[in-house]
Each structure stands twice: as C-alpha cells, then as structure tokens.
Amino acid sequence: MNESGDNILEMDSLSETNLEGDTEIEMGMEVVYSQEFLPTYETIPEGASVPIVEKAEFNGKSDSLFFNDGVRRIDFVLVYEDEDMKEIDKNRMFQKRKQRREYFEASLMKMGMELEAARSVVDEKLLFVKVHMPWDMLCTYAEVLHIKLPIQPNDLSTTSSPFNFLSCITKHFYPSEDLIAKETEYFTAPFEKDRLEYFYVKDRDLFFTPSMRSRMAYYILSRAPYEVRGNIKKFGVTKLLDGGVYKAAYPLHDCRFNVRSKEDECPNERYLLYNEWAHPKSFYKMQPLDLIRKYYGEKIGIYFAWLGFYTAMLALAAIVGLGCFIYGYTTQETSTWSKEVCDPLIGGNIVMCPQCDKECTYWRLNSTCESSKKLCIFDNYGTLVFAVFMAIWVTVFLEFWKRYQAELEYEWDTVEFLEQEEQPRPEYEAKCNHERINPVTRVKEKVPYTACGRCIRVSLGIGTVLFWIVLILASVVAIIVYRLAVFFSFSTRLQSDLKELEPFKEYVTAQMATSVTASIISFVVIMVLNILYERVAIWITDFELPRTKTDYENSLTLKMFLFQFVNYYSSCFYIAFVKGKVVGYPGQPVYLLGKYRNEECDPGGCLIELTTQLTVIMGGKAIWNNIQEVLLPWMKNLIFRYCTRVGSEKVIPRWEQDYQLQPIGKLGLFYEYLEMVIQFGFVTLFVASFPLAPVLALVNNLFEIRVDAWKIITQFRRMVPEKAQDIGAWQPILQGVAILAVASNAMIIAFTSDMIPRLVYYWSFSVYPYGDHSSHTMQGYINNTLSVFDIQDFSNKSRPMQTPYWFNNSTTCRYRDFRYPPGHHRQYEYSIYYWHVIAAKMAFIIVVEHIVYLTKFILSYVIPDVPYTVREQIKREKYLSQVILHETNLKLVTKRLKPVADKILKHNEDKEEEIMDLYF
C-alpha cells in the first residue's frame, strides 16, 4: 500500500520460503493496454470452486502433436510435480502451490483455452499440461497482437538475377528445394476478426502457423491470474515458474531432430533444419532463413540473417587481410631497418640502456632480432592500405546490411512493427499505479512511476554502470602494476633460468614473457568481471522497469556493451596509446605511483605486443564461448538422460522428449549478439595492428553459425517465437564502433607503429641537410632513431648494479627516443626530429580521418537503405489493404443503413398510397 491508501501493483520475486511476493493487480483498477479491444481476463471469484484439468493416458504415439483425440493441436506445454506425492513435512507449501496452479489452469479454461494433462512415462511424479487455443481464440488474439496474415498472393513480377546462368553451380550451395520448397509470397495485412472473409484462408488448421499459435498462447499465459486475495489479483506464468509451481513451460518441437515423424500432419521442420542447416555436412550451404523464421520466429531469424551476412562480408576482408599478412611475411627478410637490428656490426655494436632500475643491465640491440622480424610482418605499408580498406569495408557492410534488412522486414511482415503495437511487459503492467495524460491520445492512462521516480531509477542505473566501469579501470591499473613488477623480476632472473633451454632463449625475452602472462591474467579478470556485472546489469534494468520487451533488451544491451567495451578493450587501448609514451629518459625516468618505473616499448615499438594481446583475448574468448555454448548444454543433457533413463520398451511422448532438453536462457540471443559485436570491435578497432583478425573472425563465424544452429535445434527446447523488426540497439552500437574504428586505426598507425617515423626519416632525415646520403634511403634509420645517453648521468636510484662482461669501457648507451645527445647545449631535450615526427603524425591522422569519413558519407548517401523493388511492394501492399478497408467499411455502412432506407421507402410508399386514395 502507498501513503494514499491506494493499492500498489506489485511484482516481487517469489521463492520457496516467501510465497507472497507475486504479480499483483488491483481488481477495481483497469489496466490500460495499448489496444482498446483487448479481451478482459476472466477472474474466478475468491473461494469459488475451480474446474480440474482432465487427465488422459498417453496413447502411445511418440510423435503426436495433438491431444489424445488427434484433433486439437498442442500449442504450449506446462510441466509440474504432483504435490500429492510429496513429503508430509513440506505439505503446506506444496498445497499452496497446488491451489495456485489449479486456479491458474481454471483461469485459462475460463478464458477459452482447452487443457489436457498426462502423467510422465519416465517419472510418475511429473505431469504435463497440454494447452490448446481454439479457432475463435486464435482470431481474437491475432487481432490483439497485430499479426499480419495473407490477403492475396503477390502479383508483382520478380526481377530475374543477371547471374541466373550460374544457377547450375550455385544451386549446390543452397538447401535442397526438394526438401525445403520455396514458400509462396503473399501480400499481408494486420488480422481483423470481423474481416475474416478478406483473408486468404485455405485451411483453418494451417492458417495460423505453429509459431504464431505459440506466441499467442504465451501472451495469454503471461497475463492469466493464478490467485485472488480480496481486491488483489496475481498473474503470470513467469512468477509461477520462478516460484516452483511449474517446472517448465515451452512450445513443442514438431519432431525429433534426426528422425522423421511418423505422423502425416507433421511438417518435420526441425528435421529439415537439422539436415539442411545444422548438420556438419551442410556447412557450405546457405542458411534456410525463411524456414528458420517460420519455425523459431522473426527474432531468431533476424539474428542468423545478420550473422550470415556479417560472415559473408568478412570473406572479402579476410582475403585482403591475408594478402597483407603474406606481403609482410615475404618482405620481413628484406626490411632494411630489421637487417640493421640483426646485423652484428650494427645492432650487435649498439648498447642499449637498462629498462628498469638497478637490477636490469645493459643489452645489445641485436638480441631483439627475432621480434623485429616478426614486427615487420605486421608493421609495413600494406597495413596502412588495409586499415583504410577496413574503414571503407565497415561502411559498405553496414549500408548493405540496412538494404538486406529492409528486404527481410518486408518479406517477414515486420515493416510496420512499431513500438505502439508491441504489448507491455507483464512486470510493467503489474506496477501501474500512477495516472498520467497520454501525450498522443490525451486520455488518462496508468504508468508505474512518476517523472521524478523515473529520473531516480535512471540515475541509479547510470551511477551503477559508471561505478563498474571505474572498477574495470582499477583492474587495468592493477595489471599495469603487475606488468611493471614482473618485468623487473623477469629481467633479473629469466635469462639465467632459461640457460638449459637454449633453443628458446632467444625467443623468450623479459618483455615477451611479461606481455603473455599479463594478457592471460587480463583475460581471466575480464571473464570474472563479466560474470559479476551480468547480475548487476540485469538487476538495474529490472529496477528501471522498461515498458516493452524491446525497451528492456535495448536498455540491458546498452549497459552490457558499455561495460564489455571497457572490459575487453581497455588493455588493448593501454598498450596501443599509453605504454611507452610517457617514460622520460634513462637519467630521469617517469614512475607510476612514485614507485614503479613506466614500461618502455621494444625498440621496434609496441605493435607486436598489441598483436599478442589481441591474439590471446580473441582466441581465449572463442574457446571459452564454445565451451559455454556447446559443451555445457551437451553435458547437462547427457547427465539428465543418464539419470532418467528408462527401458527401451517404453515409448516417450513428444512433450516429454522436449522436457529432457535444456531451457533457453531468459536473455535469449543477447549473449550471441554480444559475442559477435565484441568480435566486430576487435576486427575493426585494432585491425591496423593485426591484419589476420578478419581471417580468425571468419573461421570462428563459419563454426559459430553451425554451432549455434546445432545447439538450438538439438540441445535446447523450442524457444517462444518473438517478433523483431531489426537487430535493435546493436545497430547504433555497430555504427558507433565503425566511426571510432577510423580514429583508432589512424592513431595506431601514427602513435603505435613506427611507420610515420620511418617515412619522416626516408623523405627528410636520410638526405641533406639532416642526413649524409645522396638519395632517399632507409639505411641508418636505427642509428638515427636511437638517442645517446651518458652513463655518468644515471641517478643513484636507477644506476645498474652490474654490467655484462662485454660492456668493456663504454661510456654511453642508447635508448628509444628523439633527444639531443649529451654535450649538446640542449642535451636530453626533444630534437628537431621529434617535432617533425609529431607534426607528421598529427597531419596523417587529420588527413586520413577526413578522407575516410568523406568516403563513408558519400557511400552512405549513394547506397539507399531500402531497395526500389521493396518500396514498390510495400506501396502495393498498403494499397490493397486500403482497398479492402474501404470495401469493408462501405459494406458495413450499407448494412447499417439498409433498415433505415427500407423504412423510409416504405413510409414514402404508404404516403403515396394515401394520396392516391384521397385523390380517387
């Protein structure tokens, strides 16, 4: 109760020990739905007797999708444990559950649903309640949910493809048309019960597809009452599932995935999907998207359509990236600056300054010969071309996806799936206890919070997300401290510990060991924080109470992505843009927290370390996700089947076979999208440092499509079909990542790679007046880019404690920077070379960004979002709908005016007769 004494509509979590926190709705209060004609939910008076669901013995037909009469189709299944077979000490709680379940089922029957119960073949404690929606009820709720249904076949001619001559080859890459026939195209319109005669009804049993029937059934189950206490009504199957009243609720698969059904009425769509889509033998075939949409609904269909389109577009990026990698690999031995590093007369005579205080010692430049060769593979001019190509590729990908999505919207009847047509969530309806004036209709409606209350909820959500982002940044700082501390340890002990492993000694450097171990620890921290934050994000979104399922998912998507963005990419951004940038020079190093000396990059730059980080995170993430998505559900199903195994002579019905599968998570496809969008970020944001990223993503996605298909078809119960117009909040997220990727790659090339310093040396400092060469060359680059330091200028804190035997009487060492040498009147200050490089880097970023952004804008403008043919079809469909509406209204007016017209005519005839009688 609130302070004014009004009843509050509550939806609290229900548990074993607290059976009072449920979805409640005041009996005297009318819930405002988005449709005026929404049927009222019948309420059984408190204390009245309720009808019991009729029980029927299993008829032995394992593939049957119908009640025992073989006529009524099963639209949904509810599973519960028989309370009468429970222990005595828990009898009170179980009896409470039984009362709620019986009331809920009675409410469903009173609303028009037909129920039939059957006892389990495997476990006699389990009962399965089969739910059927009769024709009249289907028509009513099809109108409520604005389901679009056929009005006439599509009479617009389809344009033939110019590549039809290749059909003899391409047909082998599509699902067999003998098994999955192409569906007839229809013009559709939102269903209206009063205009049934205008819809294309060939067979009433097939007019509403099983996915439509399941969607309507779940809509009713989510809003049916299960308890009445005074003027409070509690409703929703979701809360009954949370409270243990029901163990499961799901629509049926139409058959086993690997065996055709014996029933004549069964379409065997699950079997067809497995053989033509999920089976490993079909890995090279295109996806049967229309059948996926028909079986699982538009939301699942649009995900696999997007994933397939993204994977197909990755093929081009992978080819170019692989070419860039091959170019770098073949030219690594010819790189002038890499040769100088490895040359015993050049790199072998260059003594480098220690990279940490006291314990580190001097080292020769040619000790990094192997890492410099590896760096040449990724840090070359081909990488620049590839980065620009990827910036254009991502624009083309997003623009052509919009076109493809528009085609799917029309074909799948989601063009006019607007927010006002989507029903409110039951959790939202349960909290509606405040009145406001609807800004559109100007009538009073119920909302769950005031403007101030909404502001508080949103502010709390924003504050919590920011807190967790700060927590991630703190973990990144902790890993940086680890890197600094461990590098110090590795520098002093690694070489002595690896004396016996001589073949690996030259490859395992202190920097490499630090980078790999830090990457692994970073990956573990990412996974742990993901698990913790997931619960927090769901709780905050529940607290915000979004109105519709789409609003809920969009809000959760934004929170999770912001967190994941910082979580996954923060370490990569640190290596790319922070590490090695603020280190000072040997005589005056910069310290973190006043204790840890900042990390320096390898003489070749930090690019190879960024590549290592990306490889570890992308590879580890792919392996971890496959374990979670495939291995765990398979193991759970295997254990469940082993624990509930029965004799081979027993026949298990279809509904019980599905119960043995894993339930789909509450967030559905959220994690599938999140996984792919994070991957999209790795492919686009850091592609300048790792051109093989599109190749790895392509290989992963080719497996991902089939693994996801195999998983939902063979390991999970059938999902409740949902309507979806597009990929939701992921679309603007992808666009944001694409915009950021241009700046990110330009800055990686400018600040992380050595490409700009090399270009500046080649064009300016290799020739007069700065150089001694007569023509532009890369010879002398290494010597020119390493500054000189007098070892007498070391402070007591950083002076090395020991020197190697080969150091002899050297008085100087070299370090990576552009500073004046000792003895110069501006010694250790930045040289003219440094300012040339900085100016070139800034100019490069500005020019590249403007060129790429201009190209992206032109492409976005030139490529229309909706194809011309689709626009024509949409106009034709709207025209037909208006014609039908006009004819119906005309007939309705004629029907209503006919009695009045007849009465007027009769009255006129009577008057004429009277006049005639008087006249004659």
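Please read all numbers here as calculations on a predicted model, not as lab measurements.
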Check whether any side-chain heavy atom of [X] sits under 4.5 Å from a side-chain heavy atom of [Y], and report yes or no.
X	Y	answer
P867	E407	yes
L384	F844	yes
F789	T812	no
Y585	S787	no
R816	T785	no
I346	N783	no
V566	L562	no
S753	T383	no

**OP:** Starting from the C-alpha separation in whole Å, work towards a yes-or-no answer on side chain to side chain contact (heavy atoms under 4.5 Å, CB included) for L466 and V470.
**Re:** CA-CA 6 Å; L466 291 176; V470 170; 5.5 Å; no
Checking the side chain of [X] only, and the main-chain atoms of [Y] only, is there a donor and an acceptor separated by less than 3.5 Å?
X	Y	answer
S338	T334	no
S766	Y761	yes
T612	I608	yes
S372	V341	no
R403	P864	yes

Original post:
Do the side-chain N and O atoms of Y591 and D357 include a donor-acceptor pair separated by under 3.5 angstrom?
Top reply: yes
Subject >> Side-chain donor-acceptor pair present, N349, R364, cut-off under 3.5 Å >> reply: no
Original post:
Which residue pairs satisfy the salt bridge (charged side-chain N to carboxylate O under 4.0 Å, His left out) criterion with at least one member in residues 334-354, sequence neighbours excluded?
Top reply: none
Subject >> Pairs where residues 555-578 contributes a residue and the test salt bridge (charged side-chain N to carboxylate O under 4.0 Å, His left out) is met, not counting sequence neighbours >> reply: E544-K559
Could you note down all residue pairs passing side-chain hydrogen bond (donor to acceptor under 3.5 Å, both in side chains) where [range] supplies at least one of them, sequence neighbours left out?
range	value
residues 840-864	T395-K856, E399-S860
residues 303-322	Y303-D708, Y310-Q679
residues 727-748	W401-Q731
residues 823-834	D793-Y828, R819-Y830, R826-E829

Supply the atom-to-atom distance [X] [atom1] to [Y] [atom2], rounded to the nearest 0.5 angstrom.
X	Y	atom1	atom2	value
I749	M755	CD1	CE	5.5 Å
D754	N380	CG	CG	12.5 Å
Y404	F309	OH	CZ	8.0 Å
D772	Q779	CG	CD	12.0 Å
L674	L669	CG	CG	12.0 Å
T517	I521	OG1	CD1	5.5 Å

Original post:
What class does the angle between the rings of W393 and F397 fall in, given that below 30° is parallel, 30 to 60° is tilted and above 60° is perpendicular?
Top reply: parallel
Original post:
Parallel, tilted or perpendicular: which describes the rings of F386 and F389, with under 30° parallel and over 60° perpendicular?
Top reply: parallel
**OP:** With ring pair (Phe, Tyr, Trp, His ring centres under 6.0 Å) as the test, would you mind laying out the steps for H836 and F818 before giving the verdict?
**Re:** CA-CA 10 Å; H836 273 74; F818 305 105; over 10 Å; no
Original post:
Between F690, Y569, F565, which is the residue that forms a ring-ring contact (aromatic ring centres under 6.0 Å, His included) with F682?
Top reply: Y569
Please enumerate all residues that pass salt bridge (Lys or Arg N to Asp or Glu O under 4.0 Å) together with [X], with sequence neighbours excluded.
X	value
E675	none
E672	K711
K581	none

Search all heavy atoms of [X] against all heavy atoms of [Y] and return the closest pair with its distance.
X	Y	answer
I845	A746	CG1-O, 4.0 Å
A391	V742	CB-CG2, 4.0 Å
S371	T368	OG-O, 2.9 Å
P732	G728	CD-O, 3.5 Å
V737	L685	O-CD2, 4.0 Å
G584	V590	N-CG2, 3.7 Å

Subject >> Stepwise side chain to side chain contact (heavy atoms under 4.5 Å, CB included) test for L365 and R814 >> reply: CA-CA 9 Å; L365 179 62; R814 309 295 290 272; over 6 Å; no
Original post:
Among all residues two or more places apart in sequence or in another chain, which pass the side chain to side chain contact (heavy atoms under 4.5 Å, CB included) test with V767?
Top reply: H776
**OP:** Using disulfide bond (SG atoms under 2.5 Å apart) as the criterion, list what pairs up with C572, not counting sequence neighbours.
**Re:** none
Subject >> disulfide bond (SG atoms under 2.5 Å apart) against C342, all qualifying residues, sequence neighbours excluded >> reply: C369
Subject >> Y329 atom OH, over 12 foreign heavy atoms within 6.0 Å >> reply: no
Subject >> Enclosure of F400 CZ (heavy-atom neighbours >12, cutoff 6.0 Å) >> reply: no
**OP:** Run the ring-centre check on Y327 versus Y381 and record whether the distance is less than 6.0 Å.
**Re:** no
Original post:
Can you check whether F573 and F577 have ring centres sitting under 6.0 Å from each other?
Top reply: yes
**OP:** Please assess I302 against E409 for the test side chain to side chain contact (heavy atoms under 4.5 Å, CB included), listing each intermediate value before the final yes or no.
**Re:** CA-CA 9 Å; I302 200 73; E409 285 178 17; over 6 Å; no
**OP:** Begin from the C-alpha positions of E704 and M676 and carry the test side chain to side chain contact (heavy atoms under 4.5 Å, CB included) through to its verdict.
**Re:** CA-CA 10 Å; E704 183 76 20; M676 288 297 104; 4.0 Å; yes
**OP:** For the pair D379 and R758, find out whether any cationic side-chain nitrogen is under 4.0 Å from an anionic carboxylate oxygen.
**Re:** yes
